[in-house]
Amino acid sequence: MTDAVVTTGEAPAMARAALYLRVSTPRQADHDLSIPDQRRQLEAYCLSRGWEVVAEFVEPGVSGTDDRRPAFQDMIDSAMEKPAAFDIIVVHSFSRFFRDQFQFEFYLRKLVKNGVQLVSITQVLGDDPASEMMRKIMTLFDEYQSKETAKHTLRAMNENARQGFWNGARPPIGYRVVAAEQRGTKTKKKLEIDPIHAETVRRIFRLALNGADGRGPMGVMAIACWLNENNMRTRYGGRWGKGMVHEVLTRTTYIGQHRFNTYDVKKKRHKPPEEHAVMEVPPIISVAEFEAVQRSLKARSPKMMPPRAVGGPTLLTGICFCASCNGAMTLRTGTSRSGQEYRYYTCATRATKGKTGCKGVSVPMHQLNQAVVDHLEKRLLDPARLETLMDQLLNRRDEWTAERRLHVAEM
């Protein structure tokens, strides 16, 4: 198999070019890799070679370490058309296209296979083996540089958090971001208590410990329903759900210890506690209250309860939806006055947010299961239908066999 090449010298004089412009962060708009500056240089480069610019794909403030980029994917889709929508993709440097060497080579091979070239105006290479080797060295160094930059940036942000300064993003409910001090051109920020929403946080902890009107501790679901029924909204006016309430009840931020660097986004896993950076913030509740709530949550956890109360297969999991809100139906259990346990499907939105979320109905599990089974038996096991399916299956098998034989012959 011929290896992929990057070339700038063999493109036809009237080639169609697509420009790809990207910066990793908004701050780069003030430097020489800003979007307007990239556009100016790429257009001038195409003009000097007589190439017609037929498309432009702009990606502001997006990392080049992966392919989760909308404009990039649109460009690749256009390049993979038959015939391709353009002949050349022009970038300022290879790092604008990708900062991952493996992904770079993967997409480059796809482009070359469909007759589309990739050209860097600052790293002009030919199609000889030496140029190919230099391109791989450049892309490998771009990947290394990206990882080193990310490592040093994370280290600086960890230290910033340890000094008590906010690194950005949305603060937890109950807090607001305020300017703390000025260091050169940078404004250092901290968290302070938001008096309005801090009271909501205190209310949630009181409900978890004592319940409404001292009626006894409430679970996460009951707290969410109580907040919604009493018109106590989230910071942005939304309804409360179980996940949101649980997040409030388990955040160490509310006892004055906000944890930064707790989750690895790429590996999709939580980081060990020793890698966390603890940021000191004004506490909203006491340590004693927080620990009491954690003990209560642990006691209510399904993992601490007998399997009979939390397990059991359900026929329609993931395929049954509420007709009122299109939310999934979930299994609920109850006990009659005679002590007999019964099960039924109910709307998950209503189960998590109460009647204010959805007015969906509940259906006994055995009735809905039987109705679905009867319907499927009647529709799927019809003899005429089964005969048609078998004919189609045999035809597809013959087509697949012919395609495989042709593919083997070509190989």
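Numbers here simply count residues along the sequence, with the first being 1.
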Are there more than 12 heavy atoms of other residues, nucleotides or ligands under 6.0 Å from atom [atom1] of [X]?
X	atom1	value
Tyr263	OH	yes
Lys147	NZ	no
Ile196	CD1	no
Arg332	CZ	no

Strictly by modelled atom types, are [X] and [Y] linked by a side-chain donor-acceptor pair under 3.5 Å?
X	Y	value
Glu81	Ser78	no
Gln182	Thr187	yes
Asp37	Gln41	yes
Tyr45	Arg40	no

Determine, stepwise, if the pair Lys151 / Glu148 fulfils side-chain contact (heavy atoms from CB on, under 4.5 Å). CA-CA 5 Å; Lys151 181 176 69 176; Glu148 283 294 296; 3.1 Å; yes
Apply ring-ring contact (aromatic ring centres under 6.0 Å, His included) to Phe57 and list each qualifying residue two or more places apart in sequence or on a separate chain.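 In terms of ring-ring contact (aromatic ring centres under 6.0 Å, His included), with neighbours along the sequence ignored, Phe57 is linked to no residue.
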Within-4.5 Å side-chain heavy-atom neighbours: [X] and [Y]:
X	Y	result
Val248	Met244	no
Asp142	Asp100	no
Trp226	Arg203	yes
Val62	Arg68	no
Val363	Tyr344	no
Phe260	Met157	yes
Leu249	Ile223	yes
Pro172	His258	yes

Audit row: Arg397, Asn395, side-chain hydrogen bond (donor to acceptor under 3.5 Å, both in side chains) steps and yes/no: CA-CA 5 Å; Arg397 187 188 66 176; Asn395 291 335; over 6 Å; no
Which distance, rounded to the nearest 0.5 Å, do you find between the [atom1] of [X] and the [atom2] of [Y]?
X	Y	atom1	atom2	answer
Asn210	Met218	CG	CE	11.0 Å
Leu108	Glu132	CG	CD	9.0 Å
Ser93	Ile121	OG	CD1	8.5 Å
Lys359	Cys325	NZ	SG	12.5 Å
Arg251	Ile285	CZ	CD1	12.5 Å
Leu209	Ile204	CG	CD1	12.0 Å

State whether the side chain of [X] and the backbone N or O of [Y] hold a donor-acceptor pair below 3.5 Å, judged by distance alone.
X	Y	answer
Trp166	Ala169	yes
Arg22	Arg96	yes
Ser95	Arg99	no
Gln73	Asp67	yes
Thr153	Thr149	yes
Asn158	Ala277	no
Thr262	Arg259	no

For the residue pair [X] and [Y], what are the closest heavy atoms and their distance?
X	Y	result
Thr122	His92	OG1-O, 2.5 Å
Leu19	Cys46	CD2-SG, 3.9 Å
Val58	Ala71	O-CB, 3.4 Å
Gln257	Thr252	O-OG1, 2.6 Å
Lys82	Asn114	NZ-OD1, 2.7 Å
Phe72	Glu59	N-OE1, 2.8 Å

Indicate the ring-plane relationship of Phe106 and Phe102, choosing parallel, tilted or perpendicular according to the 30° and 60° boundaries.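 Because their plane-to-plane angle is under 30°, the rings of Phe106 and Phe102 count as parallel.
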Using the ring of each side chain (for Trp, its six-membered ring), is Tyr175 parallel, tilted or perpendicular to Tyr254, with breaks at 30° and 60°?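 Ring orientation, 0 to 90° scale: parallel.
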Set out, in order, the CA-CA distance, both residues' side-chain angles and the distance that settles salt bridge (charged side-chain N to carboxylate O under 4.0 Å, His left out) for Lys271 and Asp264, then state yes or no. CA-CA 6 Å; Lys271 294 184 177 181; Asp264 191 324; 5.1 Å; no
Asn160 vs Lys188, side-chain hydrogen bond (donor to acceptor under 3.5 Å, both in side chains): CA-CA, chis, key distance, verdict: CA-CA 9 Å; Asn160 190 62; Lys188 293 287 188 177; 2.6 Å; yes
Identify whether the distance between the nearest side-chain nitrogen and carboxylate oxygen of Arg135 and Glu105 falls below 4.0 Å.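 Between Glu105 and Arg135 there is a salt bridge, with a charged N closer than 4.0 Å to a carboxylate O.
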Arg155 and Glu159 ion-paired at < 4.0 Å: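 Answer for the salt bridge query: no.
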Between Asp374 and Gln370, is the side-chain hydrogen bond (donor to acceptor under 3.5 Å, both in side chains) condition met? List the steps. CA-CA 6 Å; Asp374 292 343; Gln370 191 61 47; 2.9 Å; yes
Could you check Val287 against Glu291 for side-chain contact (heavy atoms from CB on, under 4.5 Å), going step by step and ending with a plain yes or no? CA-CA 6 Å; Val287 176; Glu291 292 178 347; 3.6 Å; yes
Could you check Arg183 against Glu181 for salt bridge (charged side-chain N to carboxylate O under 4.0 Å, His left out), going step by step and ending with a plain yes or no? CA-CA 7 Å; Arg183 293 186 184 178; Glu181 60 181 77; 2.8 Å; yes
Which atom pairs, donor and acceptor, lie under 3.5 Å between side-chain atoms of residues 383-392 and protein residues at least two apart or in another chain?
residue : atom : partner : partner atom : Å
Arg385  : NH1  : Leu380  : O            : 3.4
Thr388  : OG1  : Ala384  : O            : 3.1

Just do the salt bridge (charged side-chain N to carboxylate O under 4.0 Å, His left out) check on Arg396 and Glu399 with the steps written out, would you? CA-CA 5 Å; Arg396 288 177 59 185; Glu399 292 175 0; over 6 Å; no
Of all residues at least two apart in sequence or in a different chain, which pass the side chain to side chain contact (heavy atoms under 4.5 Å, CB included) check with Leu140?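 In terms of side chain to side chain contact (heavy atoms under 4.5 Å, CB included), with neighbours along the sequence ignored, Leu140 is linked to Gln101, Glu143.
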Sort out for me which residue in His366, Gln367, Met365 forms a side chain to side chain contact (heavy atoms under 4.5 Å, CB included) with Asn369.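 The side chain to side chain contact (heavy atoms under 4.5 Å, CB included) with Asn369 is passed solely by Met365 among His366, Gln367, Met365.
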Do the numbers put Lys189 on top of the ring of Phe165, so that NZ or CZ is under 6.0 Å from the six-membered ring centre and no more than 45° off the axis?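 Not satisfied by the 6.0 Å and 45° rule.
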